[in-house]
Amino acid sequence: MKQSWPPGDTEMARRIREYDWAGTSFGSIGHWSSRLRNHVETMLASKQAIAILAAPDCTIVYNDACATVLGAKHPRAFGNPVLETVPELSEYLGRAFDGEAVDVKAQQFDVERSETSPANALDMYLTPIREDDGAVAYVQAVGFKQELSAKAQTALRESEERQAFLLRLSDTLRPLADPNEILRSAMRVLGLHLKANRVAYTQITDKEYIIEGDYVDDVPSMAGRYRIDSFGPNKIAAYQEGVTRIVPDAQSDTFNDPAAVASFAALGVRAGIGVPLFKNGRMVATLAAHHREPRNWTRHDVALAEETAERTWAALERARAEAALRESEQKYRSLFHNLGQGYAECELIRDSEGHVTDFRYIVLNPAFERLTGLKIAGMIGRTAREAVPGIADSHFERYERIVAAGVPSREEYKIDALDRWYENHVYPSRDDRFFSLYEDITERKRAEEALRASEERLRQFGEASQDILWIRDARTLQWQYLTPAFETIYGLSRDEALSGDDYRNWQALIVPEDRDRAVASIDRVLGGEQVTFDYRIRRPFDGQIRWLRNTDFPIKGPDGRIILIGGVGHDLTEHFEAERRLQTLIEGIPQLVWRASKDGQWTWSSPQWTAITDLTHASSIGGGWLDAVHPDDREAAIRSWHQAPERGFLEMECRIRDAQADDYRWYRTRATPVRDQDGSIIEWLGTSTDIHDIRELQERQQVLVAELQHRTRNLMGVIRSVADKTEHSSADLADFRARFRARLDALARVQGLLSRLNEHDRVTFDEVVDAEIKAMGSTGDKITLDGPVGIRLRSSTVQTLALAMHELATNAAKYGALKQPAGHLSIRWSYEQQGPDDKPWLHIDWRETGVTISSIDNNPKGTGQGRELIERALPYQLKAKVSFVLNPDGVHCTISLPVSSTIGSMGGEDG
């Protein structure tokens, strides 16, 4: 491709354009940096001999003036390493590429010259050129012929200094983007070059001067904002003339501006240059250079100040324009990348007859990829048919019409290949191009379809529902929608219900007692609440009362205002009838009935509960029912509730306070969970049954069974012992039978006494004596009984003591006082509260009188076993103290043994 840079028609400009730089240290000309290009342009424009050398092999490019200096070595040196043609520069170039500015004085070069070219020595300045990374990439060489006059050399030096300064200034300002940094850097470059004490750039608005940064050396900064009039009318007038103001010495006699003199003194300087800068006929800025001492400013100084002012303004404008452009581009990029809509710039593709057959994607944004699922990287440059196979021809026809008409268009369509709906805005452009904005409306379309389906389902549901579904206008309260169930429940047709003021007509159907509550509920819905309330209506055609439960709710518009009221009316008549029957049933059963939430908090209790516990419904709900439970049983009750969900049932026994009896009674509590369709517990239904009497009977039965087992074992032992002893003392079998039967009868009498006792009752001694005397059939005049009634015997004592009494009575009946006519039996007993070992004792005195001893002597067998029982068994088994004496007139026996600690029919000590 033919190069157009660098511009110009000089020999060296053409050579640079036409030379193949790709294989040199400069590299392809298309990749030369802007800094290098600026130096090359400055070099070509200069009349002075200038060359630029590239690292690392010092390949040279130079201007026409340098070509003349090179003489016959031109153009051979062009584009080649310079040391091949001018080896004398080796030392100097090495220093320059190390970063040093090298001044070469009167250097003689071995240059082949034409006959007309005088051999002159050259002064040469070698200046390093750095790229953005700070590395020295090039060296600029400027040569001066010594044959010039002093004046010309001065002018040339000033020109070259100016060029070098301007290059340095350009290099300094070029990479800067911040306006303040540009100001500070430009002032510093000029200040250092002029060796000034202060350089300040002032930006001027309608009301003030603004100095945002200045270069200072041993003087104070002027940075700040100043009113226009603070600079004095003379100074402003001078600047408005558009002429640079030069002050060599503000204190000289020739300087006739007192205000300016005072101003210079306040600034701490005596000399200055003031450059006004005008753009479009308006002063936009000034540049001032100050010196502390008087100074004769040269034309060169003034020119540099004026050039710096111009370049600083240009750099500031560039920076601001670039900043605005960056901001604009950033906004565009941000908009382009963050745009929620897909963006596509496309180009139509036509066939040989000019008909649109396809289009090609030129530019796409990220949202396009997100909305279509098509990767941008694979879409740019592709056609629509390639990207979306099967796309309908109607799309191409539409785009062709839009581009032809030049009018934007909007359309909604579905791309079946992507299974997506889009809202598409198309804007025609030039050259068969158009811009397209895509909005994925698939979800909206699906929502619209779902809404239509939902409305249809709602209609079918409303038609089939046994509940009344209705909608009222929130402003007029007139029905807008009413389902057929209204006719069944209210007994009115929908046409009748919707005629006239249907809100007032509806109120008229409500029984007077419920009307105000129903109207107040509607008012609450208008206030934004969802309200459920029960009320009764009277059907007009048959006068029947129906219970209804309405759940009403507000329906809001897009702006949040309530525009409609919706409601569901459920006929509760059968429910209330069932509840009333259930309530009657519950109140008629003896159990205490209750309901509880899933966590065991009571929600309802039957009247029986209140009647028994005296706890009201309000005080029983929640955990209040525990107040009626015995304190010792509450922890177990709570534990049972905690276990109930896992076990699937509740069962416990606890004592509940009977308020009427002021006592606690045992109750068995059972509850069954009510579950929803997922099996989760929603509440508990339970009863508490009085088991106090049953529990006492069961406990009594347990005691009796244990006592029976105990007594049976003891009794069998006693019978075995009695049988053995009776056998030893009997004369024959008949005698054994008679004796054994009598003793079994005595045991039977004792068992009869024991079996009639309650748990804590005991057999008394007077009962034992009375039973034995009655068994002997003896009359009252032969027997004297004397002793306190109710001396309780230990259960373990009764059988052995009864047998002893039986032996004494049998002996008396056969041989002693009860047998002989003159005989008399006296049985006396007493109770000692604190006997031996501080225990209660029973003392028995058995005395027979009027007995002829010879009769007893003739019947020695009658006393053998009985006396052994008295004298040996009683002390051993009952820890009794006994004496048995056969006196001349009859038997005298005393027995003392420990007994129960109480006298009477009630007591607590267990024998």
Problem - Side chains of L650 and S640 in contact at under 4.5 Å (non-hydrogen atoms) - result: yes

Handout entry: E683 bridged to K598 by N-O distance under 4.0 Å
Key = no

Handout entry: Residue R675 excluded, over 12 heavy atoms near CZ under 6.0 Å
Key = yes

Exercise for the section: Measure from the side-chain N and O atoms of D766 to the backbone N and O of G790, and report whether any donor-acceptor pair falls under 3.5 Å. Expected result: yes

Handout entry: D690: partners by salt bridge (charged side-chain N to carboxylate O under 4.0 Å, His left out), with sequence neighbours left out
Key = R665

Completion exercise
Separation between CG (D523) and CD (E529), nearest 0.5 Å, reads 10.5 Å

Handout entry: Residue pair S465 / A485: nearest heavy atoms and the distance that separates them
Key = O-CB, 3.5 Å

Practice task
Examine W684 together with W641 and report whether their ring centres are nearer than 6.0 Å.
Solution key: yes

Exercise for the section: Give the C-alpha distance, both sets of side-chain angles, the deciding distance and a yes or no for side-chain hydrogen bond (donor to acceptor under 3.5 Å, both in side chains) between Y535 and N550. Expected result: CA-CA 8 Å; Y535 65 101; N550 265 26; 3.2 Å; yes

Practice task
Run the numbers on R657 and D662 for side chain to side chain contact (heavy atoms under 4.5 Å, CB included), then give the verdict.
Solution key: CA-CA 7 Å; R657 184 176 179 273; D662 194 21; 3.1 Å; yes

Problem - Side chain proximity check, D627 to V629, heavy atoms < 4.5 angstrom - result: no

Handout entry: Side-chain donor/acceptor of D889 to backbone N/O of V851, under 3.5 Å
Key = no

Handout entry: L785 vs V769 side-chain heavy atoms within contact, under 4.5 Å
Key = yes

Handout entry: Pairwise distance CG(D663) to CZ(R655) - rounded to 0.5 angstrom
Key = 10.0 Å

Fill in the blank from the handout: side-chain contact (heavy atoms from CB on, under 4.5 Å) with H892: of T849, L886, D845, only one passes, and it is D845

Handout entry: Heavy-atom donor-acceptor pair, Q591 side chain to S688 backbone, under 3.5 Å
Key = no

Handout entry: Atom CD of Q466: over 12 foreign heavy atoms under 6.0 Å
Key = no

Fill in the blank from the handout: Closest non-hydrogen atoms of T687 and V593, given as atom of the first, atom of the second and distance, are CG2-CG2, 4.2 Å

Completion exercise
The reported gap from CH2 in W846 to CG in N811 (rounded to nearest 0.5 angstrom) is 9.0 Å

Problem - Residue pair D571, R546: steps toward the side chain to side chain contact (heavy atoms under 4.5 Å, CB included) verdict - result: CA-CA 7 Å; D571 189 346; R546 306 294 294 181; 2.6 Å; yes

Handout entry: R828 side chain to T784 backbone, donor-acceptor under 3.5 Å
Key = no

Fill in the blank from the handout: Between P540 and L509 the two heavy atoms that sit nearest each other are CD-CD2, 4.0 Å

Handout entry: Contact summary for P840 and Y831, nearest pair of heavy atoms
Key = CB-OH, 3.2 Å

Completion exercise
For L825 and E848 the tightest heavy-atom approach is CD1-CG, 3.6 Å

Practice task
Could you tell me whether the side chain of K819 and the main chain of A812 form a donor-acceptor pair under 3.5 Å?
Solution key: no

Completion exercise
Taken to the nearest 0.5 Å, the spacing of L803 CG from L808 CG works out to 11.0 Å

Practice task
Apply side chain to side chain contact (heavy atoms under 4.5 Å, CB included) to L818 and I783, showing your working.
Solution key: CA-CA 8 Å; L818 300 182; I783 302 174; 3.6 Å; yes

Problem - Donor-acceptor pair, side chain of R634 and main chain of L626, under 3.5 angstrom - result: yes

Practice task
Name the orientation class of the two ring planes belonging to W602 and W594 (parallel below 30°, tilted from 30 to 60°, perpendicular beyond 60°).
Solution key: parallel

Handout entry: More than 12 heavy atoms from other groups under 6.0 Å of OH on Y876
Key = no

Exercise for the section: Look only at the side chain of W841 and the backbone of V899, and say whether a donor-acceptor pair between them is shorter than 3.5 Å. Expected result: no

Exercise for the section: Check whether any side-chain heavy atom of Y490 lies under 4.5 Å from a side-chain heavy atom of I468, and answer yes or no. Expected result: yes

Exercise for the section: Say whether, by atom type as modelled, one donor and one acceptor occur between the side chain of D676 and the main chain of S680 under 3.5 angstrom. Expected result: yes

Extract all donor-acceptor atom pairs below 3.5 Å that involve side chains of residues 610-624 and protein atoms in other chains or at least two apart in sequence.
| from | atom 1 | to | atom 2 | distance (Å) |
| --- | --- | --- | --- | --- |
| T610 | OG1 | L615 | O | 3.0 |
| T613 | OG1 | W609 | O | 2.7 |
| T613 | OG1 | L615 | N | 3.1 |
| T616 | OG1 | S619 | N | 3.2 |
| T616 | OG1 | S619 | OG | 3.0 |
| S619 | OG | T616 | N | 3.0 |
| S619 | OG | T616 | O | 3.0 |
| S620 | OG | W609 | NE1 | 2.9 |
| S620 | OG | T616 | O | 2.8 |

Handout entry: side-chain hydrogen bond (donor to acceptor under 3.5 Å, both in side chains) involving Q507 - partner list, sequence neighbours excluded
Key = none

Exercise for the section: Answer yes or no: is there a donor N or O on one side and an acceptor on the other, between the side chain of R538 and the main chain of G543, under 3.5 Å? Expected result: yes

Handout entry: Salt-bridge contact E807-R867 (side-chain N to carboxylate O under 4.0 Å)
Key = no

Practice task
Using modelled atom types only, decide if a donor and an acceptor are shared between the side chain of T797 and the backbone of L793 within a distance under 3.5 Å.
Solution key: no

Practice task
Starting at OG1 of T532, measure out to CZ of R549 and round the result to the nearest 0.5 Å.
Solution key: 7.5 Å

Problem - Trace of the side chain to side chain contact (heavy atoms under 4.5 Å, CB included) decision for Q820 with T852 - result: CA-CA 8 Å; Q820 297 183 23; T852 302; 3.4 Å; yes

Practice task
Using a 4.5 Å cut-off on heavy atoms from C-beta on, say whether the side chain of I895 contacts that of K881.
Solution key: no

Exercise for the section: Determine whether V882 and P875 make a side-chain contact, defined as any pair of heavy atoms from C-beta on separated by less than 4.5 Å. Expected result: yes

Handout entry: Greater than 12 external heavy atoms within 6.0 Å of E513's CD
Key = yes

Practice task
Might you point out which heavy atoms bring T894 and S883 nearest each other, and give the distance in Å?
Solution key: OG1-OG, 2.5 Å

Problem - Within-4.5 Å side-chain heavy-atom neighbours: T689 and L592 - result: no

Practice task
Mind checking the CD1-OG1 spacing from I870 to T800? Nearest 0.5 Å is all I need.
Solution key: 12.0 Å

Exercise for the section: Answer whether the closest heavy-atom distance between the side chains of P631 and Y664 falls below 4.5 Å. Expected result: yes

